[in-house]
Undergrad: 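Here it is, the structure, as structure tokens.
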Amino acid sequence: MERLGIAGPLSRFQLEGRVKGVQSSRLRVLNDAPVKFDGKFVLYWMVASRRTRFNFGLEHAIDRARALDKPLVVLEALRIDYPWASERFHRFVIDGMADNAERFRKADIQYYPYVEPRPEAGKGLLAELGRHACSIVTDDFPSFMIPRMLEAAARQAVVQLEAVDSNGLMPLAAADRAFPTAHSFRRFLQRELREQLIEFPKANPLARLQLPSLKKLPASILERWPTASDSLLSGTDEVLRELPINRSVAATDVVGGAEAARKTLRRFIERIDDYAEERNRLDAEGTSGLSPYLHFGQLSSHEICRKLLDREDWAIDQLGEGTSGSREGWWGLSRSAEAFLDQLVTWRELGYNMCRQRTDYDRFESLPDWAIRTLQEHAGDTREHVYSLEEFEEAATHDELWNAAQRQLRRDGTIHNYLRMLWGKKILHWSENPLHALETMIELNNKYALDGRNPNSYSGIFWVLGRYDRPWGPERPIFGKVRYMTSNNTARKLKVAGYLERYGKD
DNA sequence: ATCGGCTCGCGCAA
DNA sequence: TGCGCGAAGCCGAT
């Protein structure tokens, strides 16, 4: 498609009008297999963007179906045995399947939610569906198991498999290197983001669809891989209870799915003005709470951005010309709105960039040289406290504030914005060595955090060890030149009493 | 309450 | 080659 530079001010109305196809920079063809024109349907294999709105992948699959004049089938699958799978994540994803089922039902699209009942049971489903399909469209995603899963699918698919990048405002392919600091990435964004702001996906790609409808999926497939039942999706039956998954990580009080996501978004937008002031307070509801929905793709950063910009009556001519990378002033918005967009766009997409650019994003070696050097120099320092993974996991340290943060992680699947940093810094402080600390952080975060396994979780964990940061003096034991934090100082800065009360015990 | 020093590397200006 | 500056800090001095 044609990509236009923007010469002058452009109204939102004009922005809405420019919707054609998905940009080529968001599209990767993963294999050499052909499109089968006599297939029964186009298959959208939903793996990372688990939503029906603001979704380039779904939009592209619909375009494909329309061009071929075929029905669309949407497969959303949930494996039983992926690393760290538990009742917590299953509940969240299944909540989302219920929302998607409702939306696709109204649009008369064959939606095929599949919840694997036991390990290996889902094997062959994609291949079998692929044999009936004209082509397959799926979601691109740069971390955890999805890159490997897509490679495997590409090897076995007998029709064309395309992956669409619906991860963020910038296509992952727009950058050809990893950025060492938020500042340098911000500079990149300030040069390149302008033209992406006219490339938003459709708010509702299901509107006014006129695709041929497919009444039934092949019976041979449904017999072997039955669709998740309505009662499973609604969360009222025993099926989830009987699934052989880790039940020690229980569901949280956070309801999953695109509907809950949009409700959370609406409520956050109402209090956006307080964001800059309150996001680091322990005794306020300052943060957005959107991270889990973003992680599972139940909410799009485009939709968040659109809602925020609309509410601020923003137009593209408010964008600053400067590309100095400074944190405030570029969007031309209020302090709170800019602070939030810096999180949503700069920091979020910085992490995605790292995972796309470096296959070792989850390894110690991916840290900057100065951090590796200084941590290694201090790896043998004497430690006053050394805890095992189990002691950390059980919140059994000598530090009550730390223990409370760990209990919040276990109970709620998240740690307060500010305490998260302290949580990691103390794991570094109280582990046998920095490698152990890294393993502990990854294990606990991926196991308990709703937004674990996401590029941004890795940014947070590696920030503790120096990624995206700079050296700080004075040089200290264990930390070396890596930024140091203490519970005492945190307690001086924040009102911790209520938090300690709330998470003081299990 | 606020300030400087601690320390390194990037990217731009010269 | 020099210079400014950077996710959230800490500590001690003013």
Side-chain angles (χ1 to χ4, degrees), chain A residues 175-192 274-284 286-288 291 321-330 335-336 338-354 357 366-378 399 401-402 405 414-429 441 455-496 499:
Chain A
D176 57 5
R177 64 188 179 99
F179 290 82
T181 62
H183 186 251
S184 69
F185 187 62
R186 214 177 276 117
R187 254 199 300 245
F188 164 77
L189 287 177
Q190 291 174 356
R191 278 195 306 271
E192 306 289 335
D274 301 326
Y275 179 75
E277 279 304 311
E278 307 218 323
R279 70 184 159 134
N280 279 340
R281 284 178 51 176
L282 273 182
D283 54 344
T287 49
S288 71
S291 185
E321 293 297 327
T323 58
S324 67
S326 73
R327 216 174 318 170
E328 280 183 36
W330 188 71
R335 182 164 152 257
S336 274
E338 298 230 342
F340 178 69
L341 285 172
D342 199 47
Q343 298 301 308
L344 179 73
V345 186
T346 311
W347 280 96
R348 178 166 179 276
E349 300 196 15
L350 178 61
Y352 278 71
N353 163 267
M354 171 66 78
Q357 294 294 328
S366 69
L367 285 167
D369 290 342
W370 70 265
I372 293 175
R373 218 180 306 125
T374 196
L375 287 171
Q376 275 174 349
E377 275 171 23
H378 290 272
D399 183 321
L401 186 55
W402 192 92
T414 185
I415 301 180
H416 180 274
N417 197 38
Y418 190 91
L419 285 186
R420 243 195 327 249
M421 299 183 278
L422 182 71
W423 176 85
K425 291 288 183 184
K426 293 297 103 176
I427 291 177
L428 172 60
H429 204 164
M441 286 190 281
N456 288 283
S457 270
Y458 287 97
S459 294
I461 287 167
F462 277 83
W463 178 83
V464 164
L465 304 173
R467 178 183 291 172
Y468 302 136
D469 208 3
R470 66 179 189 276
W472 290 85
E475 195 164 341
R476 295 168 196 275
I478 304 171
F479 286 78
K481 292 163 187 166
V482 168
R483 186 194 299 255
Y484 183 67
M485 288 177 84
T486 67
S487 297
N488 282 344
N489 227 53
T490 304
R492 247 174 266 138
K493 281 204 251 198
L494 305 179
K495 290 178 185 154
V496 298
Y499 186 85

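Note on naming: letters A, B, ... go to the chains in the order of the sequence lines (proteins, then strands), and numbering restarts at 1 for each one. Computed from a predicted model, the values in this text were never measured in an experiment. Values reported hereafter were calculated over all heavy atoms of this structure, with side chains retained and with hydrogens, waters and symmetry mates removed.
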Undergrad: Is it true that a side-chain atom of Thr374(A) and a backbone atom of Lys481(A) form a donor plus acceptor pair closer than 3.5 Å?
TA: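 Checking the backbone N and O of Lys481(A) against the side chain of Thr374(A), a donor-acceptor pair under 3.5 Å is found.
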Undergrad: Atom CG of Asp369(A) to atom C1' of dC10(B): distance rounded to whole Å?
TA: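 Going from Asp369(A) (CG) to dC10(B) (C1'), I get 14 Å.
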Undergrad: Looking at dC10(C), dG9(B), dG6(C), which one has an atom nearest to any side-chain atom of Asn489(A)?
TA: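 Looking only at heavy atoms from C-beta outward on Asn489(A), the closest nucleotide is dC10(C).
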Undergrad: Within the pair Arg483(A) and dA8(C), is there a side-chain N or O less than 4.0 Å away from OP1 or OP2?
TA: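 It does, given that an N or O in the side chain of Arg483(A) lies less than 4.0 Å from OP1 or OP2 of dA8(C).
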Undergrad: Side chain of Arg279(A): nearest nucleotide among dC10(C), dA8(C), dT7(B)?
TA: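 Selected nucleotide (nearest to the side chain): dA8(C).
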Undergrad: Taking atom P in both dG12(C) and dT7(B), what distance in whole Å separates the two?
TA: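 To the nearest whole Å, 16 Å.
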Undergrad: Which whole-number value in Å describes the distance from Trp472(A) CH2 to dT7(B) C1'?
TA: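 The answer, rounded to whole Å, is 9 Å.
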Undergrad: Only Watson-Crick and G-U wobble pairs, only distances under 3.5 Å, only runs of 3 or more: what stems does that leave for DNA chain C?
TA: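 Consecutive-pair runs (3 or more) involving DNA chain C: B:1-6 with C:9-14, B:8-13 with C:1-6.
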Undergrad: Between dC10(C), dC12(B), dG6(C), which one does the side chain of Arg187(A) approach most closely?
TA: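 Given the options dC10(C), dC12(B), dG6(C), the side chain of Arg187(A) is closest to dC12(B).
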Undergrad: Evaluate the side-chain proximity of Tyr499(A) to Leu494(A): yes if any heavy-atom separation is below 4.5 Å, no if none is.
TA: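 Side-chain contact under 4.5 Å: no.
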Undergrad: With no hydrogens and no angle check, is any side-chain donor or acceptor of Lys425(A) less than 3.5 Å from a backbone partner on Thr486(A)?
TA: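 No: the side chain of Lys425(A) does not pair with the backbone of Thr486(A).
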Undergrad: dC11(C) C1' sits how many Å from Met485(A) CE, rounded?
TA: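 Going from Met485(A) (CE) to dC11(C) (C1'), I get 15 Å.
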Undergrad: Which nucleotide in the set dC10(C), dG9(B), dG11(B) lies at the smallest distance from any side-chain heavy atom of Trp370(A)?
TA: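 Given the options dC10(C), dG9(B), dG11(B), the side chain of Trp370(A) is closest to dG9(B).
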Undergrad: May I ask you to test the Met441(A)-Tyr458(A) pair for a side-chain heavy-atom distance under 4.5 Å?
TA: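 They are not in side-chain contact.
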Undergrad: Base, sugar-phosphate, or nothing for Ser326(A), non-hydrogen atoms under 4.0 angstrom?
TA: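 Ser326(A): no heavy atom of the nucleic acid under 4.0 Å.
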Undergrad: Under 4.0 Å, counting only non-hydrogen atoms across every strand here, what does Gln343(A) touch: a base, just sugar-phosphate, or nothing?
TA: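 Base contact.
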Undergrad: Side chain of Arg191(A), heavy atoms from C-beta onward: which of dC12(B), dA7(C), dA8(C) has the nearest atom to it?
TA: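 The nucleotide sitting nearest to the side chain is dC12(B).
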Undergrad: Check for me whether the distance between the ring centres of Phe479(A) and Trp472(A) falls short of 6.0 Å.
TA: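 No, the ring of Phe479(A) stays outside the 6.0 Å limit from the ring of Trp472(A), centre to centre.
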Undergrad: Using a heavy-atom cut-off of 4.0 Å across all strands, would you classify Arg186(A) as base, sugar-phosphate, or nothing?
TA: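 The answer is sugar-phosphate, as Arg186(A) gets under 4.0 Å only of primed atoms, P, OP1 or OP2.
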Undergrad: Is it possible for you to check whether Arg177(A) lies under 6.0 Å from the centre of the six-membered ring of Phe179(A), through NZ or CZ, and within 45° of that ring's axis?
TA: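 Here Arg177(A) passes the 6.0 Å and 45° test against Phe179(A).
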Undergrad: For DNA chain C, whose closest nucleotide is more 5', that of Pro471(A) or that of Tyr418(A)?
TA: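 With Pro471(A) and Tyr418(A) compared, the 5'-side residue is Pro471(A).
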Undergrad: Between dG11(B), dA8(C), dA7(C), which nucleotide gets closest to the side-chain atoms of Ser184(A)?
TA: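 Nucleotide nearest to Ser184(A)'s side chain: dG11(B).
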Undergrad: Using atom CG of Asn488(A) as one end and atom P of dG12(C) as the other, report the distance to the nearest whole Å.
TA: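 Nearest whole value for this atom pair: 13 Å.
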Undergrad: Students often get this wrong, so: under 4.0 angstrom with heavy atoms, is Arg177(A) touching a base, only sugar-phosphate, or nothing?
TA: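 Here Arg177(A) touches the backbone only, sparing every base.
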Undergrad: Among the nucleotides dG9(B), dC6(B), dA7(C), which one has an atom lying closest to any side-chain atom of Pro474(A)?
TA: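 Within the option list, the nearest is dC6(B).
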Undergrad: Report the distance from atom CZ of Phe185(A) to atom C1' of dA7(C), rounded to the nearest whole Å.
TA: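 These atoms are roughly 15 Å apart.
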Undergrad: In whole Å, what separates the P atom of dA14(B) from that of dC5(C)?
TA: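 It works out to 14 Å between them.
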Undergrad: What is the distance from CZ of Phe179(A) to P of dC10(B), rounded to the nearest Å?
TA: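 To the nearest whole Å, that distance equals 13 Å.
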Undergrad: What is the separation between atom CZ on Arg476(A) and atom P on dC6(B), rounded to the nearest whole Å?
TA: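 Between P of dC6(B) and CZ of Arg476(A): 14 Å.
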Undergrad: Please report, rounded to the nearest Å, how far the P atom of dA8(C) is from the CH2 atom of Trp463(A).
TA: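 Distance, rounded to whole Å: 7 Å.
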Undergrad: What nucleic acid atoms does Arg420(A) come within less than 4.0 Å of, heavy atoms only: base, sugar-phosphate, or nothing?
TA: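 It contacts nothing in the nucleic acid.
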Undergrad: Give a yes/no verdict on a cation-pi contact between Arg348(A) and Tyr352(A), requiring under 6.0 Å between NZ or CZ and the six-membered ring centre and an angle within 45° of the axis.
TA: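 Ring-cation test returns yes.
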Undergrad: Mark yes or no for whether His416(A), through its side chain, and Arg281(A), through its backbone, hold a donor-acceptor pair below 3.5 Å.
TA: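 Yes, because the side chain of His416(A) sits within donor-acceptor range (under 3.5 Å) of the backbone of Arg281(A).
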Undergrad: Is there a donor-acceptor pair closer than 3.5 Å between any side-chain N or O of Thr287(A) and the backbone N or O of Arg279(A)?
TA: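 No.
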Undergrad: Picking from dC8(B), dA7(C), dC10(C), which would you name as closest to the side chain of Lys481(A)?
TA: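 Output: dC8(B).
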